[in-house]
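The first residue of the sequence shown is numbered 1, and numbering continues consecutively from there. Keep in mind it's a predicted model, so treat the numbers as computed, not measured. Scope of the values below: all heavy atoms of this structure, side chains included, with no hydrogens, waters or symmetry mates. Whatever order the structure lists them in is the order used to number ligands and atoms, beginning at 1.
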Amino acid sequence: MNDVSKQLHFIDRASADPDPGETAEWREALLSLAATQGPARARQMLDELARVARQQRIGWQPELNTPYVNTIAVQDQPAFPGDLAVEERLASLMRWNALAMVVRANQAYGELGGHIASYASAADLFETGFNHFFRAGRQGDLVFFQPHSAPGVYARAFLEGRLSEADLLHYRQEITAPAEGARGLSSYPHPWLMPDFWQFPTGSMGIGPISSIYHARFMRYLTHRQLQNCEGRKVWGVFGDGEMDEPESMCALTLAAREKLDNLVWVVNCNLQRLDGPVRGNGRIIDELEKLFAGAGWNVIKLVWGSDWDGLFARDTTGALVRAFAHTVDGQMQTFAAKDGRFNRDNFFGQNEELARLAQGMTDEQIDRLKRGGHDLVKIHAAYSAAAAHTGQPTVILAHTKKGYGMGSAGQGKMTTHSQKKFDGADLIEFRNRFNLPLSDEQATGLEFFKPADDSPEMRYLREHRERLGGAMPRREAGCDVVPVPPIEGYATFALKADGKEMSTTMAFVRMLGGLLKDGQLGPRIVPIVADEARTFGMANLFKQVGIYSSVGQRYAPEDIGSVLSYREALDGQILEEGISEAGALASWTAAATSYSVHGLAMLPFYIYYSMFGFQRVGDAIWAAADQRSRGFLLGATSGRTTLGGEGLQHQDGSSHLVAATIPNCKAYDPAFAGELAVIIDAGMREMLVEQQDVFYYVTLMNENYAQPDLPQGAAADVLKGGYHFGRFGPEEAAQRVTLLGSGAILTEVLKAATQLAEDGIGVDVFSITSWSELARDGGAHAADAHLTRLLADGAGPVVAATDYVRALPESVRAFVPSGRTFHTLGTDGFGRSDTRAALRSHFQVDAQSIARQARAALAAR
Ligand SMILES: Cc1ncc(C[n+]2csc(CCOP(=O)(O)OP(=O)(O)O)c2C)c(N)n1
């Protein structure tokens, strides 16, 4: 008895049936009911039995798993609408060119890396989409490509004439390429690097899946708000089975089901392997995902076996195959993939006589070529058709494939296949033979790219099928309408001329937002987004004003129905209330922030959240949004380490600005006053909506109420550059002078310190620093003429900088402090904790006393 049959034996005994005869009678009854009265009646009977079982507390739960076979029965498969032979030849060419691209890049420069095995497993899944389903253009579909399969997408673009041979030769050489007259091809889908090509960045596992869900939901939002009709369009996502382990992949499955996103189709490429080894060596990932998705409310289509298996299943009258699959774990299945036909005959079909009989009459070669479902174009087409036609639920297709499919003894199913990129001559010849490629030995071993003649059946087929589907893809477009931005005076005069009125910058923001929402042209394009914190930030009034988006309207009378702030959900509601999911809210923000490109409709999202739960919590998603050239506002509220007194260590943010500073197209501001905030919002809107720059803004807001001064005349330009002269304190002719810089929450402490110092006869210049990162960038770009250097030119004495963030933030501008003046930084390094603002500021030494003390010490040290 071999290992597999030992396992089978053991499991069969464990589930032994005490009365097989009785079981058979029940089985027969059900079968005859289904045969005579149809499946609907059979389902009704099962429902009734389940109802009775529950009533009797029998403790039975339906098993969410179905047998390890295709969901779509052979008789339900539609006829294949294409030319199978041509499509297979095309797929083989894609495989070859993708492989040649990666191997050649690595032959030239071993350090470049690249992957072959992932695309080898996904090629047929992609090709079926390209030939029959993925519609291009802004009225078409959104397609998320598995990142490590990028070479296959380039290979197709090569045949389509979108990329040249020189381009393929510059795979992963984006810096060198232009000088050599080529375009470099990025490692993974990166819109930042290939802005006319890739739409959705997927290189970081998990971001693609969650993003695809929220893009699908955002299309519903656009439709329901009657901004753009997205009906009929789909979001397709091809993802890895290993990738499903990422929390982001999983966290919005129920949202997709709840929202009935039947415009969403996921294809999970279940090659059973990830990077190091099997995804679930001791289990079955397809079973696990089936349960998970079905439980979450998705339509699940298992695409497990190819057409060659149909005959075997038909002859298998005893159910031996299904039983054998039920006992074959993925680690074993991988071994079967890695071994040849002989091994599979002995070890799979050799498990028992029934199986052995099924394999009789098949050669070892035929056994070797038995396809898994995800490599069979006919089965894939059937699954995609069913998915595309399904209504009321999102669909996941669990496509069983082999990692490194066709890589033969060099890589198919090997533990190490993920990163394999070296092939020797014999391996290449074997690959050529395996896929019947029209290459001579020299061409194969020389890794020549192959492109059929323009008028060949393959090329004609490829072009015709893409033309039918709207042209080549992926293709990213950027043009969109200009949305006029209303004059700042209309919505922010209260902030620019605050006249000492007390308010927090959060309150000021909400008031501005309320005003902007009322603007006839811009208003409808605004997408306010919250993750269950609207009340925290004083935004409850917007519930009534613009409503919370709900795809089903409001099916209840809200408890607070009579109140002016009542909780109002509506089909055309404008606020996206994402619940406690910063990852979800950020994905929503990205969908809105890229609508200008994806849908040609510029939208302006404002996502407001606890600043600590932004760059720290979902920083990678923000990085991907930056890659995707998002345009919108992120608002980090309750910002700073000491403004949010009682909330303690996990909530107090002292670092988000440091991370924001690392994102090239993110402009980050930490304004202290409402007037500064108004100028920043106004400039951001113009930059994004009118000038159509690919930037986004991160602005921190505070909940501390204090007197808001008027914005000094002429300060606006400097506010945007990162800092302006706020005022001069103390005697004009003071013997001792000092300069204080402060940002955000701590500027009020700086001003108090300035008053104290002035009372001691010290002359003080105070600068409000609205953005340390913009100052540092400006300094880096104009070293000889940095804005900060110019600002400080008129002052004298030591410079003391204080912030509610870590000291590294003000340290980033040290190089631009005029020479001869000492520079001292105060910040909130360390863990936050709970206490009053005063106690916290004293503890972190960013209060007025500490700032004044530092200034005096600096003066004394001269
Ligand atoms: C967030 C993140 N973590 C880790 C990686 C590194 N990584 C790249 S591919 C890969 C394995 C992918 O396995 P799977 O999703 O099963 O896809 P396959 O290549 O097997 O088709 C890993 C761990 C990554 N790209 N992103």
**OP:** With a 4.0 angstrom cut-off on heavy atoms, strictly below it, pick out the residues next to ligand 1 and order them by chain and number.
**Re:** Ser118, Gln146, His148, Gly203, Ser204, Met205, Gly240, Asp241, Gly242, Glu243, Glu246, Asn269, Asn271, Gln273, Arg274, Leu275, Lys403, His418

Original post:
In terms of ring plane angle, is the pair Phe130 and Phe145 parallel, tilted or perpendicular, where the classes change at 30° and 60°?
Top reply: parallel

Original post:
Relative to Phe449, does Arg104 satisfy both conditions: NZ or CZ under 6.0 angstrom from the six-membered ring centre, and within 45 degrees of the ring's axis?
Top reply: yes

Subject >> From Leu93, Asp167, Asn97, residue fulfilling side chain to side chain contact (heavy atoms under 4.5 Å, CB included) relative to Phe158 >> reply: Asn97

Original post:
Do Phe239 and Phe200 have their ring centres less than 6.0 Å from each other?
Top reply: no

Original post:
Is the closest basic N to carboxylate O distance between Arg280 and Asp245 below 4.0 Å?
Top reply: yes

Original post:
So His651 and Phe613, would you call those rings parallel, tilted or perpendicular, with 30° and 60° as cut-offs?
Top reply: perpendicular

